[in-house]
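What follows is a short report on a single structure.
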Amino acid sequence: MMEEDEFEFVEDLDAILHLSPEVRVAIEQVFPSQDPLDRPDFNAVEYINTLFPTEQSLANIDEVVNKIRLKIRRLDDNIRTVVRGQTNVGQDGRQALEEAQKAIQQLFGKIKDIKDKAEKSEQMVKEITRDIKQLDHAKRHLTTSITTLNHLHMLAGGVDSLEAMTRKRQYGEVANLLQGVVNVLEHFQKYMGIPQIRQLSERVKAAQSELGTQILADFEEAFPSQGSKRPGGPSIVLRDACLVANVLDPRIKQEIIKKFIRQHLSEYLVLFQENQDVAWLDKIDRRYAWIKRQLVDYEEKYGRMFPEEWCMTERIAVEFCHITRTELAKLMRTRAREIEVKLLLFAIQRTTNFEGLLAKRFSGSTLSDGTGKRPETPLESTNPFLEDESEDNPKKPKAPDNPFHGIISKCFEPHLYVYIESQDKNLGELIDRFVADFRAQGPPKSGTEEGGAVLPSCADLFVYYKKCMVQCSQLSTGEPMIALTTIFQKYLREYAWKILSGNLPKTSSNSGGLTISSLLKEKEGSEVAKFTTEELCLICSILSTAEYCLATTQQLEEKLKEKVDKSLIERINLTGEMDTFSTVISNSIQLLVQDLDAACDPALTAMSKMPWQSVEHVGDQSPYVTSVIMHIKQNVPIIRDNLAATRKYFTQFCIKFTNSFIPKFINHLFRCKPISMVGAEQHW
């Protein structure tokens with residue numbers, strides 16, 4: 001009966017306790033268990049089957065029941081203990097809550113007391129620091145007042161002393177005092193509304209103006225515009241006056257420099273007047289020798305009179321350059337017809353040497369114009385337009401810029417047309433000499449190193465081009481370089497026409513000359529004209545030369561673009577000349593192909609006219625095959641050996657000959673009369 005009551009209690013308890021999945025998960029996390037009885041999907045039947053899987057296991061049913069009952073009793077005891085332990089929990093919780101509320105009230109009371117005390121302390125600190133702040137302001141104002149009064153005293157005393165020293169020309173003391181007075185006066189810029197301060201400022205300006213006028217008068221007296229220099233040389237007064245000028249308006253300093261340099265170079269204008277013999281270009285060295293002596297004389301007599309930062313030596317040299325440039329330009333315009341190439345180059349060389357000397361001696365800090373660049377030193381190379389970058393000859397360090405480049409030599413640029421015309425004439429004569437030499441020496445000999453090699457005249461032409469380009473770039477990087485480029489283009493075309501295309505061999509026979517087109521026609525009763533071995537070597541040599549000219553012309557274009565001004569780069573274009581050399585290469589290859597192709601024509605004609613139907617037995621190799629092979633063996637090895645340095649063009653020759661010969665052979669094959677079986681076997 002008791003067991004039935006227990007089962008009913010369990011069923012009622014299971015019906016009452018419906019825990020949500022979240023609660024079950026929480027319980028599993030707090031009290032993890034592997035017991036099947038703790039699983040929410042517990043099945044009593046499966047559990048009993050697990051305990052008693054077989055009928056034989058029912059023999060232990062009493063023992064299992066006793067264990068379950070023991071476990072139930074332990075659970076009841078645990079539940080009872082827990083329930084009894086929770087009886088007084090609610091009362092203890094209420095008591096703890098009341099104690100916490102009392103503690104919070106006490107804490108609020110203490111915080112309020114602390115806040116009241118802090119406010120009282122803050123008020124007390126404000127009352128204490130109020131007086132300290134007033135004292136700080138008073139101290140600051142007092143310090144400012146004392147400093148201002150000291151400055152005012154210094155300013156008033158300095159102005160009085162400045163005026164007195166100015167009248168006595170005590171420039172040494174004035175230089176130091178004036179700078180101090182100017183610095184002190186800057187502190188009173190915000191007080192200029194005060195009459196006394198404004199009056200002191202006006203007195204300082206008046207003293208500065210008087211000093212400027214007085215110093216200029218002293219320099220005019222010491223170095224008058226008319227007459228000679230003072231015999232006694234520079235004085236200490238003038239040296240101190242320069243120190244004062246550093247503090248005054250910059251225009252005073254500029255006026256002193258201008259007058260001194262003008263007076264110092266007045267003799268130069270007289271000695272090298274336009275009507276003097278020494279003024280012409282052939283005696284240009286005397287101009288530069290004169291200024292060198294003057295600079296040495298200046299250093300000895302006046303080097304210590306002017307401050308070092310004025311760079312007076314450089315200023316004299318720069319003014320000399322400007323005057324010389326103007327005078328030479330005017331002189332060359334007047335006597336333009338007397339300018340010859342050698343004279344012009346002599347004057348330019350001496351001038352650029354002098355500009356280089358200036359660059360070594362001075363920094364160029366006084367120059368107001370744009371700076372030029374030091375001419376580039378050409379590097380030795382087998383190709384005149386390739387810099388040597390081999391390990392044996394490393395690159396030379398780049399030369400520093402020359403700020404004085406062109407300061408005088410720029411005046412020669414309008415007259416460089418004389419140089420350009422001379423180069424035009426020289427190149428024309430050079431091309432004529434190349435033509436004469438080629439005719440005198442004849443074509444390259446077969447079996448020699450000359451066969452298929454680049455013509456020596458080609459290298460000579462580009463070496464001369466490089467020399468002209470470097471020389472012209474030292475003279476000017478502007479329009480003269482464009483004019484020289486035009487001359488280069490002209491003679492590159494002439495070289496291609498007169499030396500290369502003009503010397504390509506023409507086909508001929510024993511009976512007379514034939515055109516290349518006649519080579520493609522059938523001939524009967526006579527041998528087809530062929531190029532000799534020397535002529536084949538000549539064609540290969542012209543092809544190699546044209547290839548060298550093509551590559552070197554491209555490098556020439558790149559070098560010209562490096563030398564010319566950036567604004568003129570787009571006007572440098574040698575594409576047309578490179579196309580001309582490409583045409584020579586193409587014509588040379590085509591000429592070799594036509595020669596070999598025409599040599600094979602009689603054999604192909606003989607093949608098409610042969611009575612193949614009447615051939616009764618197969619014999620040796622056909623005569624026309626032997627003829628074709630003979631011509632190929634004669635020409636191809638010669639062409640291959642002579643184009644060894646340019647294998648790509650030998651490949652082009654082979655491809656073009658194949659593309660020409662095979663269609664022609666097929667065409668003649670179709671022309672053959674009906675061929676018998678034996679004739680077909682004999683065909684090859």
Side-chain angles (χ1 to χ4, degrees), residues 1-133 136 389 391 647-648 651 655:
M1 192 69 180
M2 181 179 294
E3 291 178 357
E4 293 178 359
D5 294 341
E6 289 180 354
F7 285 125
E8 291 177 358
F9 174 76
V10 170
E11 292 177 358
D12 295 339
L13 183 63
D14 183 58
I16 295 172
L17 294 177
H18 294 287
L19 302 178
S20 63
E22 293 80 5
V23 175
R24 290 176 181 174
V25 172
I27 292 174
E28 289 178 358
Q29 292 178 352
V30 177
F31 303 106
S33 174
Q34 301 296 330
D35 195 338
L37 297 173
D38 294 332
R39 296 178 59 184
D41 56 347
F42 174 74
N43 190 319
V45 176
E46 293 180 357
Y47 184 68
I48 293 173
N49 291 333
T50 303
L51 294 177
F52 306 104
T54 61
E55 292 182 0
Q56 290 78 7
S57 62
L58 293 175
N60 299 327
I61 189 171
D62 294 334
E63 182 180 354
V64 172
V65 170
N66 291 332
K67 288 182 179 179
I68 292 175
R69 287 178 178 174
L70 178 61
K71 188 174 183 180
I72 292 172
R73 291 191 190 95
R74 289 178 179 175
L75 289 174
D76 290 340
D77 293 341
N78 291 337
I79 292 171
R80 190 180 298 107
T81 302
V82 172
V83 171
R84 290 176 180 175
Q86 296 295 324
T87 303
N88 298 327
V89 170
Q91 184 177 356
D92 294 341
R94 285 191 294 273
Q95 184 178 357
L97 179 60
E98 292 176 356
E99 292 177 354
Q101 290 176 347
K102 291 180 181 179
I104 291 173
Q105 290 178 356
Q106 292 176 359
L107 180 60
F108 280 150
K110 292 180 180 179
I111 291 174
K112 185 177 181 182
D113 292 341
I114 292 173
K115 182 179 179 182
D116 294 339
K117 291 180 180 179
E119 291 177 352
K120 292 179 180 179
S121 299
E122 183 179 1
Q123 185 65 27
M124 186 181 300
V125 169
K126 287 181 179 180
E127 293 176 356
I128 294 173
T129 57
R130 184 182 296 113
D131 296 336
I132 296 176
K133 289 182 180 179
D136 287 341
E389 298 180 356
E391 295 179 357
R647 301 299 296 178
K648 61 180 180 179
T651 304
I655 293 173

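Remark: Arg647 CZ is packed, more than 12 non-hydrogen atoms of other residues, nucleotides or ligands lying under 6.0 Å away.
Every residue was checked against the side chain to side chain contact (heavy atoms under 4.5 Å, CB included) condition with Gln106, not counting sequence neighbours, and none meets it. Considering only residues two or more places apart in sequence or on other chains, Arg80 meets the salt bridge (charged side-chain N to carboxylate O under 4.0 Å, His left out) condition with Asp77. Here Asp116 pairs with Lys112, Glu119 under the side chain to side chain contact (heavy atoms under 4.5 Å, CB included) rule; sequence neighbours left out. With sequence neighbours excluded, the residues that form a salt bridge (charged side-chain N to carboxylate O under 4.0 Å, His left out) with Glu63 are Lys67. The side chain to side chain contact (heavy atoms under 4.5 Å, CB included) check on Thr54 picks up Gln56, Ser57, with sequence neighbours excluded. Every residue meeting the salt bridge (charged side-chain N to carboxylate O under 4.0 Å, His left out) condition with Lys126, not counting sequence neighbours, appears here in chain and number order: Glu122. Take Ile48 and apply the side chain to side chain contact (heavy atoms under 4.5 Å, CB included) test, not counting sequence neighbours, and it matches Phe52.
Between atom NZ of residue Lys110 and atom CG of residue Asp113 there is a gap of 9.5 Å, rounded to the nearest 0.5 Å. Atom CG of Leu70 sits about 8.5 Å away from atom CG of Asn66, to the nearest 0.5 Å. Here the NZ atom belonging to Lys115 is positioned 10.5 Å from the CD1 atom belonging to Ile111, to the nearest 0.5 angstrom.
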